[in-house]
Structure formats: structure tokens, C-alpha cells
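Nothing here was measured: the structure is a model prediction, and the numbers come from that model.
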Amino acid sequence: MELNYWLLSQGIRIDFSDKILGFDCGGQQLVSEVAFPVKNAGDDIQFVEDIMREVIEKKGIPAPCPIEQRWTSGSSSAMSPVGPAAGPKEGLFSWVGIIMYLPTDNPRQRQAINDSFEEYKRMCSSTVWDRYMAREHWAKINDGVRLKQLYDMEGFARTLHQFDPSGMFAGNRFRKILETDAQ
């Protein structure tokens with residue numbers, strides 16, 4: 001079924017960017033995205049090959065296609081995975097996203113898929129991500145401890161309070177993480 005979807009999605013489209021960049025993701029899914037500095041030619045492709053070989057194939061993870069990969073320069077934003085803590089703004093960074101689909105509404109099955117995805121992320125982190133200095137996107141991190149290790153949450157909380165004093169743009173999970181910093 002997935003193969004048919006991608007075969008039918010092939011081709012060339014020319015249009016305005018807001019019409020091209022929006023696409024059907026194939027249903028609900030769990031997503032994690034990391035970015036890392038590309039220090040040597042080929043590191044970006046090797047990263048994905050390492051995930052395929054060392055995690056998906058070796059551990060037998062039923063990881064669906066595609067593994068998304070894109071490239072950008074760095075950023076001056078402290079909350080960006082390619083921000084100042086990741087390396088020079090002029091550097092090349094590769095972004096890689098991993099997914100697992102949630103094809104069912106059954107709560108028990110969804111929890112099992114979620115648990116499998118968290119294990120998939122943990123294995124990627126311990127075997128590949130750390131080796132390439134990959135930083136997970138802050139909005140994809142469910143673990144407050146890891147979030148605080150990678151990002152300046154105190155600085156973010158100050159900025160959030162300055163520009164969003166009523167807390168309209170922070171979700172419940174994020175509020176809980178920020179509240180533990182204030183204590």
C-alpha cells in the first residue's frame with residue numbers, strides 16, 4: 001500500500017512554494033527530527049546509512065519509508081537545532097526525520113506503536129545521533145531532562161514570558177517543563 005502511494009506520487013510539479021511544500025503525510029504519525037553539522041563530504045549520506053544498518057536492519061525495527069533528509073545553513077536562533085550551540089552559522093547542516101505511522105485508533109495498539117517509536121529514537125540516539133553531534137528539534141523531544149541538556153530552557157522561559165505573558169502559545173507539556181525550571 002505504501003509503495004503504491006509513493007509510485008502514484010511521482011512526477012514533476014511546478015507551482016508556487018505554498019502549493020508544492022504542502023503534502024499528504026500518509027496519515028497520523030510519530031516524528032522525530034535531528035540536525036547535525038556536515039563536517040566532511042559524505043557525512044550526511046553516511047548518517048542515514050548508519051541508521052539503516054546499525055538500527056533498522058541490525059535491531060529489526062519496522063521503520064517505514066521514507067527517512068526524510070534535507071540541508072540548511074546554520075541559524076542565529078538559540079532554540080534551533082542548528083543554532084549557535086551547534087556550530088557556525090555559515091556551516092552546512094543536514095536534517096533527518098524518522099517516523100512511525102499510527103494506522104489504528106485502538107488505544108492499546110497506539111501505545112505499543114508509541115513505545116516502539118520511543119525505543120527506535122533511543123537506539124538512534126545511542127548508536128548514531130551522538131556520534132554525529134545530532135541535535136533533536138526541541139518540539140520533538142518528550143523528555144524534559146534531554147530538552148534541558150540540549151537547549152537553554154531558562155533563556156527560552158524568559159523570552160516566552162516577555163512575548164507571551166499569558167502563556168497562550170505554550171502547550172501543557174511544555175509548561176510543565178518550564179515550571180520545573182522556575183522551581
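With contacts defined as side-chain heavy-atom distances shorter than 4.5 Å, the pair Met100/Glu118 does not qualify. Two residues are said to be in side-chain contact when any heavy atoms from C-beta on lie closer than 4.5 Å; Trp138 and Leu150 fail this criterion. Contact of the Lys58 side chain with the Met123 side chain is not registered, since no non-hydrogen atoms from C-beta on lie closer than 4.5 Å.
Across all their heavy atoms, Ile51 and Cys124 have their closest contact at CG2-SG, 4.1 Å. Of all the heavy atoms in Ser77 and Pro84, the pair that sits closest is O-CD, 3.4 Å.
In this structure a side-chain-to-backbone donor-acceptor pair under 3.5 Å is present from Gln69 to Asp44. At distances below 3.5 Å, at least one donor-acceptor pair connects side-chain atoms of Asp164 with backbone N or O atoms of Phe169. Between the Thr159 side chain and the Gly155 main chain, a donor and an acceptor come within less than 3.5 Å of each other.
Counting non-hydrogen atoms of neighbouring residues, nucleotides and ligands closer than 6.0 angstrom, the CG atom of Asp130 exceeds 12 such neighbours.
Here CG of Leu147 is found 10.5 Å from CG of Asp152. Values are rounded to the nearest 0.5 Å. Between the CD1 atom of Ile99 and the CD1 atom of Ile67 there is a distance of 9.0 Å, given to the nearest 0.5 Å. We find the CG-CG distance between Asn114 and Leu102 to be 7.5 Å, quoted to the nearest 0.5 Å. One distance of note links CD of Glu54 with OG1 of Thr127; it measures 5.5 Å at 0.5 Å rounding. Atom CG of Asn106 is separated from atom CD of Gln111 by 11.0 Å, given to the nearest 0.5 angstrom. The distance from the CZ atom of Arg70 to the CD atom of Glu33 is 4.5 Å, given to the nearest 0.5 Å.
Side-chain N/O atoms of Thr104 and Gln109 include a donor and acceptor closer than 3.5 Å.
In the hydrophobic cluster analysis, where Ile, Leu, Val, Met, Phe, Trp and Tyr join through side-chain heavy atoms closer than 4.5 angstrom, Val34 is grouped together with Ile98. Hydrophobic clustering of Ile, Leu, Val, Met, Phe, Trp and Tyr side chains at less than 4.5 Å, counting indirect connections, unites Val31 with Tyr101. Leu160 and Met79 fall within the same hydrophobic cluster, defined by Ile, Leu, Val, Met, Phe, Trp and Tyr side-chain heavy atoms under 4.5 Å apart, directly or through other members. By the criterion of side-chain heavy atoms lying less than 4.5 angstrom apart, applied directly or through intervening Ile, Leu, Val, Met, Phe, Trp or Tyr residues, Met52 is grouped together with Val38 in one hydrophobic cluster. Taking hydrophobic clusters as Ile, Leu, Val, Met, Phe, Trp and Tyr residues chained together by side-chain heavy-atom distances below 4.5 Å, Val96 does not share a cluster with Val82.
Between Phe156 and Tyr151, the distance from one ring center to the other does not fall under 6.0 angstrom.
For Asn172, the side-chain hydrogen bond (donor to acceptor under 3.5 Å, both in side chains) partners are Arg175, not counting sequence neighbours.
Taking the centre and axis of the six-membered ring of Phe93, the NZ or CZ atom of Arg135 falls outside the cone set by 45° and 6.0 Å.
Here the options are Trp71, Tyr132, Trp95, the test is ring pair (Phe, Tyr, Trp, His ring centres under 6.0 Å), and the partner is Phe47; only Tyr132 passes.
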Could you go step by step and tell me if Glu136 and Lys121 meet the salt bridge (charged side-chain N to carboxylate O under 4.0 Å, His left out) rule? CA-CA 10 Å; Glu136 195 169 8; Lys121 278 180 28 174; 3.2 Å; yes

Applying side chain to side chain contact (heavy atoms under 4.5 Å, CB included) to Met133 and Lys39, what does each step give before you reach the verdict? CA-CA 11 Å; Met133 297 187 318; Lys39 294 182 176 183; 2.7 Å; yes

